[in-house]
Amino acid sequence: MLLSADGTRTPGTAALFTEPARNGRTPPWAGDFRPTAGSDSIKKAVGKTLQLELPAGRTGRVLVQAVKGGR
């Protein structure tokens, strides 16, 4: 689930992976988020930082870099 600053909750599925670490630092995470059918509240989210809530209750900040069209 994605949580926006205004409290909007967007249900969906996240596919996360780590990218290669640089200069011995902790590897960053990257991934895709696919909103459930009928959810379009993230279309204007490019450049914004949102919270990603995982099923186990953990959360993390995500930066929306692009929104793809289609289904």
Side-chain angles (χ1 to χ4, degrees):
M1 175 136 352
L2 280 181
L3 307 165
S4 66
D6 68 1
T8 303
R9 301 171 71 82
T10 304
T13 302
L16 303 172
F17 56 90
T18 57
E19 293 186 332
R22 293 187 177 105
N23 301 326
R25 295 184 176 183
T26 303
W29 286 89
D32 294 321
F33 182 82
R34 295 182 187 259
T36 56
S39 298
D40 60 282
S41 60
I42 63 169
K43 287 187 178 181
K44 296 180 182 179
V46 175
K48 294 182 181 176
T49 300
L50 306 176
Q51 290 285 324
L52 176 65
E53 183 180 280
L54 300 175
R58 295 185 68 171
T59 61
R61 290 182 307 169
V62 297
L63 173 63
V64 179
Q65 294 181 329
V67 175
K68 297 178 183 177
R71 298 178 184 246

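Residue numbers run from 1 in the order of the sequence given. Computed from a predicted structure; not experimentally measured.
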According to side-chain contact (heavy atoms from CB on, under 4.5 Å), who are the partners of V46, at least two apart in sequence or on a separate chain?
V64, V67

Give the minimum heavy-atom separation between P35 and T10, together with the two atoms involved.
CB-CG2, 4.1 Å

Least distance between heavy atoms, P20 atom then P28 atom:
O-CD, 4.0 Å

OG1-CG distance between T13 and D32, expressed to the nearest 0.5 angstrom:
11.0 Å

Any pair with a residue in residues 17-31 that passes side-chain hydrogen bond (donor to acceptor under 3.5 Å, both in side chains), sequence neighbours left out, goes on the list, sorted by first then second residue, please.
none

Does some side-chain heavy atom of L16 sit less than 4.5 Å from a side-chain heavy atom of L52?
yes

4.5 Å side-chain heavy-atom contact, V62 and F33
no

Show the nearest heavy-atom pair for residues G31 and F17, with the distance to one decimal.
CA-CE2, 3.6 Å

Considering only Ile, Leu, Val, Met, Phe, Trp and Tyr, and joining two whenever side-chain heavy atoms are under 4.5 Å apart, list the other residues clustered with L3.
M1

Can you pull out every salt bridge (charged side-chain N to carboxylate O under 4.0 Å, His left out) where at least one residue sits in residues 45-63? Sequence neighbours excluded, please.
R9-E53

